[in-house]
Amino acid sequence: MLRIEDTDQTRLVEGAVDRIYDALRWLGIDWDEGPDVGGDYGSYVQSERLERYEQMVTSLFNCDRAYYCFCSAERLKTLRELQAQRHLPPGYDGHCRNLEPAKVAHRVKTEPFVVRFKMLKGGVTTLHDLVRGPVVFENRLQDDFVILKSDGFPTYHLALLTDDSSMEISHVIRGEEWLPSAPKHVQLFEAVGYPVPQFAHLPVLVGSDQKKLSKRTGGASALEYKDKGYLPEAMLNFLAFLGWSLDDKTSIISKDELAAQFSLDRVVPNPAIFDLERLDFLNGYHIREIPPVRWKALVAAECPDSVSDELMSTVAPLLQTRTNRLEEILPNISFLFEDYLPTYDAALLSERLGNDVSMTLHVLQDVVSALSQIDWNVVNIEFAIRGLQDEEHLGIKMRKFIVTLYVAIMGKPQGIPLFDSLVLLGREESLRRFKYAADLLEN
RNA sequence: GGCGCGUUCGUCUAGUGGCCAAGGACAUCGCCCUCUCAAGGCGAAGAUCACGGGUUCGAAUCCCGUACGCGCUACCA
């Protein structure tokens, strides 16, 4: 079930709800009930449920667990300052808790107000958290929090009580930052006599600096990861094992398996650092798992439309073990279809040959002559280039001189396999690049 | 300041009193494979289980304390 919690009218953001849909759908997480698909417990948008919250407030008044509060923002502010100064426990002081009913009835008509919940002040409230076990809170330190704001909208607390009870929510699984307000929620449910849902407070994800996730440390919406070239299955796999484990050795998991295996009792209570290196590994892993047809489509999506289907068929498999993120695809193959001579530092050509320029020239010249006459296919190209190792030609190992050829063709000392690349480039363009490299070296 | 939560290799974690002189994965390093780079295979290094007390024949595992980190402390969620 998907519920949109939009009770803070000051923080509405255009398009935010659509991004929630998009992000969840991208990850393959879908819902049976929600604003867009309907369901028996609607509306699923809190701003459309205002009457229900009002009804709940009435019930709370009826059991004497709510009261009007007319305190001004300024009074509240000075109260907080005073408490901080005197090292007192923070929280509302109950100023309006016992106002005369007659006066209240009058002020409600003429003044802005909020409604507060009467917390029990004696004893303790115990939360039985599914991740952390029992957590005990002293009621004396709890304050009467706002449940209905002066604009008539509920706070999160009231909305939670109202919606989770009427929508028959069994589990409240949320971030650890909610733990301190859990006693509020327990008392709210108990006040109206509804069963308290099961609570599970998950550890937060933190950046490499141990602080809240920031842009620098990986904090971003799921959709931003999509744009950066991450696969949803990798993202889900990555997220799944942050704070949870299946057993002592599993680190790869699919969505279906996760759905079948996940259990709250294997969630750990401590925060996890968001490790981008692991995400990259997982993404590479899942890329290698993609069936050829789908992989080819993904590669094509990264390339200009003009690229031929034939070229794509050859190149896609070569890319699959060499790609960790989709955005790495284009730079790796652009030398194939951009009509240009790769630019590079001439020194790169002879680097692997101990900067022996005359030997490097030799390599380039021999390659040109070896490739000039043959029928243009992989087998012949490989045979011809391997032949250069012989004493009567270069007399050095191919692994020594092949890097020179990579640089001449791709502009860098590594990339997708050379022989296949030469086939795709064609004889004319290949020889042109070798000759250009030789020219570069001579000047 | 008050309250709460947390603390096992750099990172994610396994571990619920003996099978742990702590297992797996990422990252790192080495070897193999190899047309480069990857991928893959094999291997190495890496944690006095935050610290200090206790309980016990025996503790990473139970209890107490300390330190450090984080969260909350709104008419935000």
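We name chains A, B, ... by the order of the sequence lines, and we start the count at 1 in each one. These numbers were taken from a predicted model, which means no experiment stands behind them.
A sub-4.0 Å separation between OP1 or OP2 of B:C12 and a side-chain N or O of A:S251 is absent. Using a 4.0 Å cut-off, some side-chain N or O of A:R116 falls inside it from OP1 or OP2 of B:C75. A close approach under 4.0 Å does occur between a side-chain nitrogen or oxygen of A:S245 and OP1 or OP2 of B:A14. An OP1 or OP2 oxygen of B:C76 is reached within less than 4.0 angstrom by a side-chain nitrogen or oxygen of A:K149. An OP1 or OP2 oxygen of B:G40 is reached within less than 4.0 angstrom by a side-chain nitrogen or oxygen of A:R288. The side chain of A:R386 places an N or O atom within less than 4.0 Å of a non-bridging phosphate oxygen (OP1 or OP2) of B:C35. Remark: A:R11 is not in phosphate contact with B:C75, judged by side-chain N or O atoms under 4.0 Å from OP1 or OP2. Between A:R399 and B:C33, a side-chain N or O to OP1/OP2 separation shorter than 4.0 Å is absent.
Between A:F117 atom CZ and B:A74 atom C1' the separation is 18 Å, expressed in whole Å. Going from atom CG of A:D93 over to atom P of B:A74 covers 13 Å, rounded to whole Å. When rounded to the nearest whole Å, the span between CG of A:L418 and C1' of B:A38 equals 15 Å. Counting to the nearest Å, the P atom of B:C26 and the CZ atom of A:F238 are 14 Å from each other. Across the protein-nucleic acid pair, A:R132 atom CZ and B:U16 atom C1' stand 18 Å apart, rounded to whole Å. Atom C1' of nucleotide B:G2 and atom CZ of A:R80 are separated by 15 Å, given to the nearest angstrom.
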Residues A:E74, A:K77; criterion salt bridge (Lys or Arg N to Asp or Glu O under 4.0 Å); working and verdict = CA-CA 5 Å; A:E74 301 83 74; A:K77 187 172 171 241; over 6 Å; no

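The 12-atom threshold is exceeded at OH of A:Y436, counting heavy atoms of other residues, nucleotides or ligands nearer than 6.0 Å.
B:A67 and B:U7 make up a base pair, with Watson-Crick or G-U wobble contacts both under 3.5 Å. Base-pair partner of B:C42: B:G30 (Watson-Crick or G-U wobble, both distances under 3.5 Å).
Among the atoms of the strands shown, none is found under 4.0 Å from any heavy atom of A:N332. Counting non-hydrogen atoms under 4.0 angstrom, A:F241 reaches the backbone sugars and phosphates but no base. Base engagement by A:R322 is indicated by at least one non-hydrogen atom pair under 4.0 Å involving a base atom.
Salt-bridge formation is not detected for the pair A:R278/A:D275: no Lys NZ or Arg NE/NH1/NH2 atom is positioned less than 4.0 Å from an Asp or Glu carboxylate oxygen.
In this structure, the separation between CD1 on A:I333 and CD on A:E302 is 9.0 Å, given to the nearest 0.5 Å.
In this structure, A:P203 and A:R278 both approach RNA chain B, and ranking their closest nucleotides by distance from the 5' end singles out A:P203.
A:R352 forms no cation-pi arrangement with A:F401, by the criterion of a distance under 6.0 Å to the ring centre and an angle within 45° of the ring axis.
Distances were taken from every side-chain heavy atom of A:M398 (C-beta onward) to each of B:G2, B:C35, B:C37; the shortest belongs to B:C35.
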